[in-house]
Amino acid sequence: MVTDVDGVTDRLGSSGRARSGPRTESEPDTESGEAFGDPRSEATARAGHDGDGRQRPGSGSGVRIGRHGPSVAASARRPRVAVGGGRCCRSHHGENYNREVMPKPQVLTPQADDFPRWYQDVIAKAELADNGPVRGTMVIRPDGYAIWERMQAEVDQRIKAVGVRNAYFPLFIPESYLTREAEHVEGFSPELAVVTHGGGKELAEPVVVRPTSETVIGEYIAKWTQSYRDLPLLLNQWANVVRWELRPRLFLRSSEFLWQEGHTAHVSREDAAAFARRIHTEVYRDFMVDVLAMPVLLGAKTAAERFPGAIDTLTCEAMMGDGKALQMGTSHELGQNFAKAFDIRFLDESGSEQLAWTTSWGVSTRMVGGLIMTHGDDRGLRLPPVLAPVQVVVLLVRDGDGVGAAVDRLVDDLEAAGVRVVADTRAELSFGRRVTDWELKGVPVRIEVGPRDLAEGEVTLVRRDTASKEQVGLGGAVATAGKLLEAIQQDLLAEATERRDERTVDVSTVDEVAEAAATGFARIRWDAIGPGDEQRLATDGVTIRCLQRLDGSLPEGDEDELIAIAARSY
RNA sequence: CGGGCCGUAGCGCAGCUUGGUUAGCGUGCCUGCUUUGGGAGCAGGAGGUCGCGGGUUCGAAUCCCGCCGGCCCGACCA
């Protein structure tokens, strides 16, 4: 099979730039249907693994390998000198012998030095993803995919809660479908991958690899829609899509990515608009705020930024750690554009034929990038507990005197309490190394179990977000962990909200917009931006991210008194 | 597609200007011992068509020509 990514521009008669490139042989690897995880199996699925992700023989949390005599001898040899004083201290002041802030080894480029470099470092060191062999493609590694699976599970549940059902449509779309909607084809043809050969022969009609599925799904919605009783028709699919990218970045912009695309048809414009808004708020915003702990701004796109073929595009915009904006999700009112192109008609109650009104909406693996850049710090990822595939890691500091058994019991108790937990008993790695690893991976709470603590019947709990430590009795560890998880979830959201608000300024002129956008978001009255200003800002790398009402709520259609949020963006 | 830069061990790099032993260094990897409460130490070891092709030369990672690939900056996008 030969994939041709350049020729289609001409064939589709688009104004897009022409590109040259070799035709590349590629194996047919049409992987259809994304498996997604059952959230309930998450904790148990991980329980038999150590921190390396390798299955230990014997499984269960109590596996012991290669730890015996020496470490016991070592701990026995070490008398309680330091601990003796510490014990006194602790009992009187509740202090911790190792509470002082530890010198942190630099494992990542600091954010302040070079934010993009930091982002790449995190992805590499936390083992989230790699570049694929074809430029712009992405290999999502198990720890990265686990994050995506958690996102899928949470979003899927919310999508279904508003009455949408999942289906699956093909990867290949007839090229002719794309051309039926003028704006749509113009918008997408520059980034299409087109298959010209199959089965060793040139195809009579080339097929495109879906960049999005409005067209195929429209064709079938038309087929399935006869009566107003068939509407609303509410569909969603989890799939991969391909948009040939010139400047790829892992998670943020790759030539192939994973997403969810919803497609619905309604009897009236009002119904369609209301549904798009409902998805936008009840699914996307709630998920992003409650699960991702990201304070997204909701708004409408300007005509220039609208989805090709839409009459209105709603967006969720987030601010990253460097002040730049990231579009986290969009919902489109497609009006009757696709209904006309694909003949989506129905008979209404009076028996007269009507054109349907459609919507589409999606969120993608880009959210993983947004999550990294929103909460990450110089030590690595910081995952919000509600999302985190692993919420608590129980770290065996050093073996001896029943430490292993205590780790096992704690893991069992946490699991029984519904916490997603793993045990790290890798005695062959130094303590510091393992701590650093778990910090890189962003696990919200770390519980350190070692002989010294245990002699006091205690363990040490450490928050990933603040690095603060506290010691609690073994019996209280589960309850404390639960409280910490809740606190971390709230605090991450609060921290991100505070940063966004600090870096958002109200301005009144276009020049001020450009200046303010250098460090964050600029808010300006939409009517203060004249024709041509939007384009002029774009030359400085600044775009209008969205339009909101003065109170920050979502506008409906064309309203006066709107505020434009302008920023640099990813 | 325009402008700048780079291809040497898995990754990051030095060596090239001024051609000449067996091509080095950091990290990672393997083995052993000692370690383990904040990226452990020591010893030993494996790993290279110096991007590809041609040319100059007694001799090329190094000089010349061509090709291929990649990165960064500008015009589009979840």
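Here is the naming used below: chain letters follow the sequence lines, and residue numbers restart at 1 for every chain.
Closest contact between the side chain of Arg433(A) and the listed nucleotides A78(B), G39(B), C77(B) involves G39(B). Ranking C71(B), G37(B), A40(B) by closeness to the Arg452(A) side chain, first place goes to G37(B). Taking the side chain of Lys125(A) as heavy atoms from C-beta on, and the options G39(B), C71(B), G37(B), the nearest nucleotide is G39(B). Comparing G70(B), G38(B), A78(B) against the side chain of Glu439(A) picks out G38(B) as the nearest.
To the nearest angstrom, P of C73(B) lies 13 Å from CZ of Arg568(A). Distance CD (Gln327(A)) to P (C76(B)): 15 Å, rounded to an integer number of Å.
Within the nucleic acid shown, Gly362(A) has no heavy atom closer than 4.0 Å to any nucleic acid atom. Looking at heavy-atom distances under 4.0 Å, Leu252(A) makes contact with a base. The residue Arg446(A) sits close to a base: some heavy atom pair falls under 4.0 Å. Looking at heavy-atom distances under 4.0 Å, Ser255(A) makes no contact with the nucleic acid at all.
For Phe169(A) and His263(A), the ring centers are positioned 6.0 Å apart or more.
No side-chain heavy atom of Thr215(A) sits less than 4.5 Å from a side-chain heavy atom of Glu181(A).
Residue ring and nucleobase are stacked for Phe257(A) and A78(B), with a centre distance beneath 5.5 angstrom and an angle between planes beneath 30°.
The base-pairing partner of A46(B), taking Watson-Crick or G-U wobble contacts with both distances under 3.5 Å, does not exist among the strands shown.
Tested against Ser569(A) for a side chain to side chain donor-acceptor pair (under 3.5 Å), the candidates Glu317(A), Lys324(A), Arg545(A) yield a single pass: Arg545(A).
At G74(B), one or more side-chain N or O atoms of Arg247(A) fall inside 4.0 Å of OP1 or OP2 (strictly under the cut-off).
Residues meeting the side-chain contact (heavy atoms from CB on, under 4.5 Å) test with Leu474(A), sequence neighbours left out: Arg409(A), Leu454(A), Val459(A).
Across C16(B) and A60(B), the matching C1' atoms stand 10 Å from one another, rounded to whole Å. Nucleotides G28(B) and G12(B) are separated by 15 Å at their P atoms, to the nearest Å.
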field: From CA spacing to verdict: side-chain hydrogen bond (donor to acceptor under 3.5 Å, both in side chains), Thr543(A), Glu305(A)
entry: CA-CA 9 Å; Thr543(A) 48; Glu305(A) 301 279 332; 4.7 Å; no
